[in-house]
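Notes to accompany the following structure.
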Amino acid sequence: MQMQAPKGTLDILPALSPRWQYLEEHMRAACACCGYREVRTPVFEHTELFLRGVGDTTDVVQKEMYTFNDKGNRSITLKPEGTAGVVRMLLEHSLYAEPMPIKAYYLNNPCFRYEKPQSGRMREFHQFGLEAFGAANATLDAEQIALAWELLTKLGLSDLRVHINSIGCPGCRPAFHAKLKDFLSQRLGNLCATCNERFERNPMRILDCKSPVCQEQLHGAPSILDCLCDECNTHFLDLQEALGALDVPFTIDDGIVRGLDYYTKTVFEIIYDAPTGPLTLTGGGRYDGLVEMLGGPALAGVGFGMGMERVLAAMEAQGVLPPVEPLVDVFVCVQGTPVRVPALVLTTGLRRAGLRADTDYVGRSLKAQFKYADKCAARYVVVLGEQELESGNIKLRNMATREEHELPLADAPRRIADIVQADK
RNA sequence: GUGGGUGUAGUUCAGCGGUUAGAGCGUCAGAUUGUGGCUCUGAAUGUCGUGGGUUCGAUUCCCACCAUCCACCCCA
């Protein structure tokens, strides 16, 4: 047996969980003030949901899904993204009968993609994301982009760029596809192999190709922004106006096309410029056709996903992680075996008084207990030995100032709680 | 899926075709038996990634596999 986590997965160790919790707190706070409520959907869904929702021509569906048959011979897939499951939930429980818009967020949402791991890319990763249904207005798109932007900046991140684009709707996109294919047809021989495949399947993705060879060929290519219908164009202008009014800096980037099929109109990314290269922290957009495509009513939708591991990596790179919190307020040192239970009683009393308290369980020397308390960053230490039991008095030592208060043992939890609280 | 780098203690890494494989950090213990941070002393922990091959002899050289990291691809 190989005692090793599967490829592309990560353990969150005790020392690292506080930074996740810190991130979660900020995300929840950001959602709460915008009226988004948390939802939790299953880790796996019927494979068909993703085939239809994400799109069966996408790379995510074609080669990155964790798909298997369960014992009832159902095809099951571990979710590769967050939106499809939320839409399924919406339909299954007829949430669209509630007042619009329906605003939902998810946090620590585990997603799975079978890819070769590298920095910022795990096989299991966690997304924070928003979905809002039932409102077509671009102010909603702007609200979400602003929420993501303010969240990231509030976390202390800088070197961020917001890129927005509109990829039109089923009404105007075909015209763009035709124009683009017309432009590309004369240059096919110069494009990379992948792009030649994309030409028939999804020509818009060629714009997204990172190959310098292909980029070279794309000079003078038609822009989707010149082909938008009136409705999409107005929507895009509304979005820009709203973002401007909210002081969210943004760049129009007609190269953003996104890899998931369900997007319409708005698409956006928030990119962090790491020293090693750009990293997309957040990606999302509008998907007005998705709910209907999955068998529901015609219902507009907007959402984004934010990679939690990537945000944490950016925070680490920029040194804006939260400071390490002390583990305990008060450490109770035990001097002598007969005192073991009274020490636990005192520790428990301190905990009941609302303090973070700990004691010795391994029988260390007093000196070693002080060292241990120091490593836990304990702010106070109490020594409980036979002397204290006899006299009924204990000394509370402030580890920073070395001052000691003498207190009656009987009333210790309340007295100590007062002192510690006053000190905070 | 393609290409490249790296696998030695808990961790970061030295090291060498030849006896019992090392260091810093960390852990544990001690520095006259009831008081921490600094310092000093000591201790424990290794199938040298796995399996083959070359060799009198391999942790060291070669091959394969596995893992990991990085880039491409893709994306959060």
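Both backbone and side-chain heavy atoms feed into the values below; hydrogens, waters and symmetry mates do not. To find a chain, count down the sequence lines: A is the first, B the second, and so on, and within it residues start at 1.
- Between A/S365 and B/rG30 there is a side-chain N or O to OP1 or OP2 distance below 4.0 Å.
- Across B/rA29, B/rC73, B/rC75, the shortest atom-to-atom separation from the side chain of A/V60 is found for B/rC75.
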For residues 120-128 of chain A, which side-chain donor-acceptor pairs fall under 3.5 Å, sequence neighbours excluded?
unit_1 : atom_1 : unit_2 : atom_2 : d
A/R121 : NE     : A/K116 : O      : 3.0
A/R121 : NH2    : A/K116 : O      : 2.2
A/R123 : NE     : A/E115 : O      : 2.6
A/R123 : NH2    : A/E115 : O      : 3.2
A/H126 : ND1    : A/E309 : OE2    : 2.7

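- Base pairing of B/rU2 is made with B/rA71, judged by Watson-Crick or G-U wobble geometry with both donor-acceptor distances under 3.5 Å.
- Taking a pair to require two hydrogen-bonding distances under 3.5 Å in either a Watson-Crick or a G-U wobble arrangement, B/rC28 pairs with B/rG42.
- Put simply, the side chain of A/R310 and the base of B/rC75 share a donor and an acceptor less than 3.5 Å apart.
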Pick out the pairs of N or O atoms, protein on one side and nucleotides 36-39 of chain B on the other, that lie under 3.5 Å.
unit_1 : atom_1 : unit_2 : atom_2 : d
B/rG36 : N7     : A/R397 : NH2    : 3.1
B/rG36 : O6     : A/R397 : NH2    : 3.1
B/rG36 : O6     : A/M399 : O      : 3.2
B/rG36 : O6     : A/R402 : NE     : 3.2
B/rG36 : N1     : A/M399 : O      : 2.2
B/rG36 : N2     : A/D374 : OD1    : 3.0
B/rG36 : N2     : A/M399 : O      : 3.0
B/rG36 : N3     : A/D374 : OD1    : 3.2
B/rG37 : O4'    : A/D374 : OD2    : 2.9
B/rG37 : N7     : A/R402 : NH2    : 3.0
B/rG37 : O6     : A/R402 : NE     : 2.4
B/rG37 : O6     : A/R402 : NH2    : 2.6

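- Using a cut-off of 4.0 Å between Lys/Arg side-chain N and Asp/Glu carboxylate O, A/E81 and A/K79 are scored as not salt-bridged.
- For the atom pair CG (A/D247) and CD (A/E150), the distance works out to 9.0 Å, reported to the nearest 0.5 Å.
- Side-chain nitrogen and oxygen atoms of A/Q335 include at least one within less than 4.0 Å of the OP1 or OP2 phosphate oxygen of B/rG34.
- Toward the 5' end of RNA chain B, the nearer of the two residues A/G385 and A/T282, judged by each one's closest nucleotide, is A/G385.
- Between B/rA76, B/rG34, B/rG30, one nucleotide has an atom nearer to the side chain of A/Q387 than all others, and that is B/rG34.
- If you find the closest nucleotide of RNA chain B to A/E388 and to A/T280, the one lying nearer the 5' end belongs to A/E388.
- The phosphate of B/rU68 (OP1 or OP2) has a side-chain N or O of A/K7 nearer than 4.0 angstrom.
- Taking the six-membered ring where the residue is Trp, the centroids of A/F331 and A/Y372 are separated by under 6.0 Å.
- Protein atom CD1 of A/I270 is 13 Å distant from nucleotide atom P of B/rA76, rounded to whole Å.
- Rounded to a whole angstrom, the distance from the P atom of B/rC25 to that of B/rG42 is 14 Å.
- Counting distance only, with no hydrogens placed and no angle test, the side-chain atoms of A/E115 and the base atoms of B/rG1 include no donor-acceptor pair under 3.5 Å.
- With a cut-off of 3.5 Å on both pairing distances, B/rA58 has no Watson-Crick or G-U wobble partner at all.
- Remark: A/S119 is in phosphate contact with B/rA71, judged by side-chain N or O atoms under 4.0 Å from OP1 or OP2.
- For the 3.5 Å distance criterion, the side chains of A/Y106 and A/E131 qualify, holding a donor opposite an acceptor.
- Within the 3.5 Å criterion, the main-chain N or O of A/R286 finds no donor-acceptor partner in the side chain of A/T266.
- When the side-chain nitrogen and oxygen atoms of A/Q118 are compared with OP1 and OP2 of B/rC69, none of them lie within a distance under 4.0 Å.
- No salt bridge links A/R397 with A/E403; every basic N to acidic carboxylate O contact stays at or beyond 4.0 Å.
- Looking at A/D253 and A/T251, their side chains never bring a donor and an acceptor atom within 3.5 Å of each other.
- Looking at the side chain of A/K116, the nearest of the listed nucleotides B/rA71, B/rC75, B/rC73 is B/rA71.
- Annotation: B/rC40 and B/rG24 have their P atoms spaced 11 Å apart (nearest Å).
- Across all strands shown, B/rG7 forms a Watson-Crick or G-U wobble pair, both distances under 3.5 Å, with B/rC66.
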